[in-house]
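Below is one structure, written out as structure tokens, with a few remarks after it.
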Amino acid sequence: MLAEMRIQGLGVIEDALLELHPGLTVVTGETGAGKTMVVTGLHLLSGGRSDASKVRAGAAKATVEGRFEGIDAAGDRAPTIVTDAGADIDEDGSVIALRSVGADGRSRAHLGGRSAPVGVLGDLAEQLIAVHGQNDQLKLLRSTEQRGVLDRFAGEPVATPLAEYRRIRRDWLDVIAELEERSSRSRELAQQADMLRHGLAEIESVAPEPGEDTELTEQVKRLSAVDELREAASAASAAVSGAADGDPDVPGALGLLADARRRMSAVDDTVLRDLEPRLAEAATLLSDVGAELTGYLDGLEADPERLERILARQSDLKKLTRKYGADVDGVLAWAQDARERLAGLDTSDEALTALAARRDELAAELADRAEAVSTARRAAAAELADRITAELAGLAMGQAEVALSVRAKAADEGDPHGLTVAGDRVHAGPEGVDEVELVLKAHSGAQPMPVHKAASGGELSRVMLAIEVVLAHADPVQTLVFDEVDAGVGGRAAVEIGKRLARLARTHQVLVVTHLPQVAAFADRHLVVDKGTADGITRSGVTVLDPAHRVDELARMLAGLDDSDAGRAHAEELIATADTYKSETVTPTSDAGTGNAGETGTAPRNAGSPRGGSHHADADGADANGADADGAGSTGSGSRGAGSGRKKAAGTAGTATEKSGKRRRK
């Protein structure tokens with residue numbers, strides 16, 4: 001899960017630290033305060049596209065740093081991504097990821113203290129985080145997205161035959177393409193085949209051997225310079241072995257060595273006698289060289305006819321190298337390639353018939369796999385529709401009914417990917433032959449219609465949330481992020497959305513950016529993004545709210561007024577309702593020092609976290625209210641109550657701003 005995230009220089013946020021709850025964390029704030037920068041930071045941390053325009057004015061760069069815990073428990077893929085990037089997982093199973101975007105648009109990424117490609121962060125985030133924003137509602141309207149939802153829900157019963165379908169489809173398409181090419185380009189391919197056969201015949205008639213051209217060049221050099229070679233070899237032989245006629249005046253090296261050995265042996269001196277064996281070794285070596293020189297001279301004869309034959313052979317080889325390669329080895333490589341190409345250029349009736357038979361065989365196999373995928377999808381579609389309908393009943397859409405239509409997509413005339421399945425001609429796409437459509441009957445008197453036609457904006461948000469709740473078991477990621485997916489919703493439906501998010505938080509870490517107090521009331525941890533202006537500079541900070549200030553914030557969200565008694569009463573009622581629901585139906589997860597009524601019996605992770613009013617830090621990180629007598633805990637972002645004004649802290653980032661204005665009554 002994402003334990004904490006630090007944002008610096010991003011939009012209106014100068015420096016803020018967000019410590020996220022293992023359960024449900026909500027982020028609220030006034031319009032324009034910078035809530036969306038939280039989600040923007042998550043997108044950057046997830047390897048999303050960078051945008052220099054998001055860098056805070058005057059800042060050199062924007063930086064987002066996140067600490068992920070439980071990497072070892074996130075499946076096999078996440079630890080592999082970290083180690084493959086050269087990074088190390090800490091002893092506690094956590095790893096730190098960092099993404100920076102310069103004002104010039106340049107982006108850099110680090111993982112575990114090591115520089116890494118941005119794509120590595122994206123790969124890791126796919127295993128750990130799923131971000132669902134308002135744009136995801138638009139994606140849900142597409143048939144391909146609806147099919148993806150169904151396949152995620154179905155799991156292995158669809159994934160296994162679908163993988164086999166894709167494998168067979170690749171082979172089928174390859175055979176179709178080859179058959180099409182051979183049939184449509186038969187004349188051109190026949191000409192190519194003739195050229196290849198002619199070249200092979202020419203090469204085979206010469207029959208070159210590997211490295212033959214190099215060997216012939218050496219032989220030509222020797223035969224062309226036989227007189228010079230004989231003279232050099234004779235002089236060398238005489239220098240080693242002496243004159244051929246035994247002239248004592250030309251003893252050669254061997255004779256001189258023999259004389260030296262005799263003289264050493266004739267004296268009675270140990271040192272000289274010890275040198276004699278070494279002279280004997282030299283004499284043996286020179287004797288071998290002399291014998292080889294003699295043999296060389298015996299075989300060195302002028303042979304004009306042989307030289308002529310070699311020159312003719314060289315000429316034949318040069319004709320080949322001019323056409324087919326830089327040397328004989330290149331010619332032989334061309335011949336091998338030509339034989340392989342010829343095997344694929346067979347345009348005979350027999351070859352085309354064999355390809356057509358293979359195409360039909362693969363088509364039959366593909367149709368079987370397509371039927372298996374469709375059958376599994378239809379079975380899963382009925383179950384998924386029932387579960388979504390049940391969830392919608394709890395989201396104030398009690399009369400709504402959802403169905404998922406799974407039908408084969410008919411092939412257009414002349415469709416190159418047309419396939420006959422169960423007697424019908426259908427389009428065989430990469431994901432199967434099915435089109436999936438989510439159909440909604442909004443109430444008992446309505447006609448079933450595609451969801452994008454039947455659902456309003458608020459209803460579409462609820463449909464999406466219902467899908468996420470149903471798919472929670474199939475979602476491998478630990479952290480789910482929702483960016484105002486409750487847009488267009490209010491009243492009772494908003495309360496039910498809060499309940500669903502609280503249920504999701506039982507199995508996942510959930511982060512919600514919301515404008516609804518009914519949703520915020522269910523938070524295990526409530527963060528507020530607060531904007532203020534000092535010295536003409538606008539800054540935003542992030543505060544962890546304590547129970548008293550949660551009431552203040554929910555009252556503001558409800559009434560839009562800073563001192564509304566009715567708003568505060570309503571906020572307290574909302575929190576009490578949410579706490580009751582969580583205590584009765586949701587196992588609470590311990591928080592780090594929020595200590596509200598909904599967390600009775602939970603042990604805060606930071607024992608020293610203060611309670612009461614908010615704790616404020618100025619832009620330089622100093623405590624605006626003086627030292628915290630109760631201790632700030634390990635995060636330094638807790639709250640303590642003065643009750644005299646609404647103040648918000650930015651945690652250890654030290655960048656929160658203090659809002660001036662109306663005081664609030666506790």
Side-chain angles (χ1 to χ4, degrees), residues 1-5 19-27 42 46 66 68-79 93-94 124-133 136 148-156 159 380 383-384 386-395 461-483 485-486 495-514 519-526 578-592 594 598-599 601-603 605:
M1 71 172 187
L2 181 61
E4 59 185 21
M5 181 173 69
E19 290 190 306
L20 307 182
H21 194 276
L24 175 59
T25 301
V26 299
V27 180
L42 282 169
S46 302
F68 293 95
E69 293 182 345
I71 296 295
D72 293 334
D76 298 332
R77 180 70 179 139
S94 67
L124 180 63
E126 284 184 3
Q127 310 301 314
L128 304 176
I129 301 177
V131 180
H132 304 285
D136 293 281
V149 166
L150 176 58
D151 289 352
R152 280 173 58 198
F153 175 78
E156 284 302 316
E383 183 179 356
L384 177 58
D386 289 343
R387 293 196 183 185
I388 295 174
T389 299
E391 284 297 326
L392 290 177
L395 291 171
S461 297
R462 282 177 275 176
V463 170
M464 183 174 179
L465 181 58
I467 290 174
E468 283 300 329
V469 173
V470 172
L471 291 182
H473 76 283
D475 204 330
V477 300
Q478 300 171 333
T479 302
L480 301 176
V481 181
F482 295 93
D483 179 20
V485 293
D486 49 15
V495 174
E496 295 300 330
I497 287 177
K499 291 180 179 179
R500 275 5 183 226
L501 292 170
R503 283 174 50 191
L504 270 179
R506 297 172 64 183
T507 56
H508 293 72
Q509 181 188 41
V510 180
L511 173 64
V512 181
V513 178
T514 182
V519 172
F522 286 87
D524 296 311
R525 179 170 297 171
H526 191 154
D579 289 345
T580 300
Y581 174 80
K582 290 194 294 182
S583 65
E584 292 177 351
T585 62
V586 180
T587 301
T589 309
S590 67
D591 192 6
T594 59
E599 299 165 70
T602 63
R605 288 181 294 181

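Position 1 is the first residue of the sequence, and the numbers go up from there. The model shown is predicted, which means the values in this text are computed figures rather than measured ones.
- Taken from CD in Glu584 to CG in Asp579, the straight-line distance is 11.0 Å, to the nearest 0.5 Å.
- Contact record, Ala521 with Ala578: O-CB, 3.3 Å, taken as the closest heavy-atom pair.
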Could you give me the CA-CA distance, side-chain angles and deciding distance for Glu391 and Val470, then say whether side-chain contact (heavy atoms from CB on, under 4.5 Å) is met?
CA-CA 8 Å; Glu391 284 297 326; Val470 172; 3.8 Å; yes

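- Contact of the Leu511 side chain with the Leu480 side chain is not registered, since no non-hydrogen atoms from C-beta on lie closer than 4.5 Å.
- Residues Phe522 and Leu24 form a side-chain contact, since some pair of their non-hydrogen atoms from C-beta on lies under 4.5 Å apart.
- The shortest distance between side-chain heavy atoms of Gln509 and Leu2 falls below 4.5 Å.
- A search for side-chain hydrogen bond (donor to acceptor under 3.5 Å, both in side chains) contacts involving Thr389 returns nothing, not counting sequence neighbours.
- Remark: Glu383 engages Phe153, Arg387 in a side chain to side chain contact (heavy atoms under 4.5 Å, CB included) (not counting sequence neighbours).
- For the pair Ala523 and Lys582, the tightest heavy-atom approach, listed with the atom from each and the gap, is O-NZ, 3.1 Å.
- Between the side chain of Arg77 and the backbone N or O of Leu124, no donor-acceptor pair lies under 3.5 Å.
- To the nearest 0.5 Å, the span separating CD1 on Ile388 from CG on Leu384 amounts to 4.0 Å.
- The main-chain N or O of Met1 is found under 3.5 Å from a side-chain atom of Gln478 such that the two form a donor-acceptor pair.
- Between Met5 and Leu42 there is a side-chain heavy-atom pair separated by less than 4.5 Å.
- Within the 4.5 Å cutoff, the side chain of Val27 has no heavy atoms near those of the Val512 side chain.
- One distance of note links CD of Glu69 with OG1 of Thr479; it measures 10.0 Å at 0.5 Å rounding.
- Among residues two or more places apart in sequence or in another chain, the side chain to side chain contact (heavy atoms under 4.5 Å, CB included) test is passed with Ser46 by Ala125, Ile129.
- Side chains of Val510 and Phe482 form a contact here, defined as non-hydrogen atoms less than 4.5 Å apart.
- Nearest approach of Val519 to Val26, heavy atoms of both residues: O-CG1, 4.3 Å.
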Steps toward side-chain contact (heavy atoms from CB on, under 4.5 Å) verdict (Ile497, Thr514)
CA-CA 11 Å; Ile497 287 177; Thr514 182; over 6 Å; no

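- Looking only at side-chain heavy atoms (C-beta outward), Thr25 and Asp524 stay at 4.5 Å or farther from each other.
- Residues Val469 and Arg503 form a side-chain contact, since some pair of their non-hydrogen atoms from C-beta on lies under 4.5 Å apart.
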